Amino acid sequence: MAAATDPAVTQYSHTALPPILTSVKKLSESSQVTSIPSTYTYPVNPQDESVLIDYDSKIPIVDFSLLTSGTPEQRSKAISDLGKACEDWGFFLVINHGVPEELMKAVMDGSLRFFYLSEEEKHEYQGKDVLDPIRCGTSFNASVDKVLFWRDFLKVFVYPEFHFPDKPAGFSQLSSEYCKRTREVTRELLKGISLSLGLEADYLDTALNVKSEGLQIFIANLYPPCPQPELALGMPPHSDHGLLTLLIQNGNGLQVQHNGKWVNVNAIPNSFLVNTGDHLEVRM
């Protein structure tokens with residue numbers, strides 16, 4: 001399972017959602033399902049055989065504490081490392097970020113408890129439009145997916161106005177604090193990225209009107225056990241449309257692409273994987 005917050009400055013269009021689909025959690029738990037439905041079978045592309053996995057490269061690490069409170073020399077190096085990670089990878093791991101490990105674990109646990117609500121309870125949040133502030137569902141983009149993906153999700157708009165499901169008990173309060181803390185981390189990272197570009201620290205924050213026009217989305221993904229994992233994908237290869245995505249995970253399987261090869265994300269405990277989204281890449 002993974003949980004992410006995606007602070008973004010984005011224009012959305014209204015899109016109607018498809019009829020309610022069976023969650024993959026329900027499929028996974030069914031004793032009658034010994035193979036995945038054909039709608040989840042990802043077609044094999046002959047070119048996929050040439051896709052390589054890079055087992056040697058390591059995702060760059062940025063020490064947030066040095067970026068914000070280190071000595072001038074340490075801060076200068078952290079800014080340089082951050083800029084190089086954005087330029088060369090578009091991904092980096094953030095350590096010593098100040099978000100309590102207990103809070104991160106509690107949010108992961110709350111996300112799991114949400115997915116373990118009954119199907120009827122979750123259908124209350126299914127939503128009718130992609131702009132609905134609280135929406136849960138399955139696959140990646142079920143309205144256009146030709147092949148469904150082995151993933152259930154919860155997506156919530158949490159800034160500038162905080163929305164959240166009222167079930168399970170306590171999940172909303174924990175997530176409110178978590179989203180506030182990750183938003184603070186994001187804005188400090190934007191300062192470091194601005195400085196790495198030779199700009200004023202508040203340049204990106206101001207130019208993008210992050211405080212007044214920014215949109216933060218909380219996303220939780222569940223990837224239940226799959227009876228035929230070699231035939232299915234949890235998520236398709238994609239880029240994130242927003243500004244920065246901060247992601248935590250409690251399992252393996254996530255990969256990022258670097259120099260045409262796929263690199264396994266071996267996350268450091270209590271770290272964030274940060275993805276520079278399309279919006280930041282365009283601005284840079």
Side-chain angles (χ1 to χ4, degrees), residues 2-10 51-99 101 104 181-211 214 216 235 237-249 252-284:
T5 59
D6 180 10
V9 181
T10 309
V51 173
L52 300 177
I53 297 178
D54 184 345
Y55 293 101
D56 298 322
S57 294
K58 304 296 182 184
I59 297 174
I61 298 172
V62 173
D63 189 328
F64 188 81
S65 66
L66 299 182
L67 185 68
T68 57
S69 56
T71 66
E73 292 77 16
Q74 290 172 329
R75 189 162 183 261
S76 177
K77 184 178 186 306
I79 291 170
S80 176
D81 290 345
L82 175 59
K84 185 171 177 57
C86 290
E87 182 177 359
D88 294 348
W89 280 77
F91 294 91
F92 51 92
L93 291 168
V94 175
I95 60 173
N96 299 325
H97 43 68
V99 180
E101 184 175 6
M104 296 171 70
R181 299 294 290 268
T182 55
R183 195 159 58 246
E184 292 168 352
V185 172
T186 298
R187 296 188 72 179
E188 288 296 331
L189 289 174
L190 287 177
K191 290 179 183 178
I193 294 172
S194 293
L195 290 169
S196 76
L197 294 170
L199 304 168
E200 295 294 327
D202 63 350
Y203 176 81
L204 285 173
D205 198 311
T206 302
L208 297 172
N209 295 321
V210 172
K211 186 175 182 179
Q216 184 180 14
M235 290 272 272
H238 66 280
S239 62
D240 286 356
H241 63 261
L243 193 59
L244 289 178
T245 298
L246 276 62
L247 184 144
I248 56 177
Q249 59 179 344
N252 298 318
L254 181 63
Q255 296 177 320
V256 302
Q257 193 173 57
H258 177 59
N259 292 334
K261 298 180 180 180
W262 291 99
V263 179
N264 293 321
V265 177
N266 299 313
I268 300 170
N270 197 34
S271 67
F272 287 112
L273 175 69
V274 179
N275 177 10
T276 56
D278 297 338
H279 200 75
L280 181 60
E281 184 176 353
V282 169
R283 285 286 177 172
M284 291 176 65

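One is the number of the first residue; the rest follow in order along the sequence. Computed over heavy atoms, backbone and side chain alike; hydrogens, waters and symmetry mates excluded. All of these numbers come straight from a predicted model, not from anything done at the bench.
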Exercise. Got Ile248 and Phe272 here, is their nearest side-chain heavy-atom distance under 4.5 Å?
Worked result: yes
Exercise. Does His258 reach the main-chain N or O of Lys58 with its side chain, forming a donor-acceptor pair under 3.5 Å?
Worked result: no
Seminar exercise, completed: CZ (Arg187) and CG (Asp202) are apart, to the nearest 0.5 Å, by 9.5 Å
Exercise. Going from CD1 on Ile59 to CG on Asn266, what distance comes out if it is rounded to the nearest 0.5 angstrom?
Worked result: 7.5 Å
Exercise. Are Leu273 and Gln249 close enough, and set up right, to give a side-chain contact (heavy atoms from CB on, under 4.5 Å), and what steps lead you there?
Worked result: CA-CA 9 Å; Leu273 175 69; Gln249 59 179 344; 5.9 Å; no
Problem set entry | CG on Leu244 to OG1 on Thr182, rounded to 0.5 Å | 11.0 Å
Exercise. Is a side-chain N or O of Ser196 found less than 3.5 angstrom from the main chain of Ile193, in a donor-acceptor match?
Worked result: yes
Problem set entry | side-chain contact (heavy atoms from CB on, under 4.5 Å) assessment of Val265 paired with Phe91 | CA-CA 10 Å; Val265 177; Phe91 294 91; over 6 Å; no
For this session: Would you check if there is a donor-acceptor pair between the side chains of Glu200 and Thr206 at a distance under 3.5 Å?
Result: no
Problem set entry | Among Val256, Leu243, Thr245, the one residue meeting side chain to side chain contact (heavy atoms under 4.5 Å, CB included) with Asn275 | Thr245
Exercise. Say you draw a straight line from NE2 of His279 to CG of Asp240; how long is it, rounded to the nearest 0.5 Å?
Worked result: 13.5 Å
Problem set entry | Main-chain N/O of Leu204 paired with Ser194 side-chain donor or acceptor, under 3.5 Å | yes
Exercise. To the nearest 0.5 Å, what is the distance between CD (Glu73) and NZ (Lys77)?
Worked result: 12.5 Å
Exercise. Any side-chain heavy atom of Val62 sitting closer than 4.5 Å to one from Val274?
Worked result: no
For this session: Please name the pair of heavy atoms, one in Asp278 and one in His241, separated by the smallest distance, quoted to 0.1 Å.
Result: OD2-CA, 3.6 Å
Problem set entry | side chain to side chain contact (heavy atoms under 4.5 Å, CB included) partner of Ile95, the single match among Ser271, Pro269, Ser65 | Ser271
For this session: Assess whether side-chain contact (heavy atoms from CB on, under 4.5 Å) is satisfied between Leu189 and Phe64, documenting all intermediate values.
Result: CA-CA 8 Å; Leu189 289 174; Phe64 188 81; 4.1 Å; yes
Exercise. Are Glu87 and Lys84 within salt-bridge range, i.e. N to O under 4.0 Å?
Worked result: no
Exercise. What residue among Leu66, Asp63, Leu67 forms side chain to side chain contact (heavy atoms under 4.5 Å, CB included) with Gln74?
Worked result: Leu66
For this session: Output the distance between atom OG1 (Thr186) and atom NE2 (His97), rounded to the nearest 0.5 Å.
Result: 11.5 Å
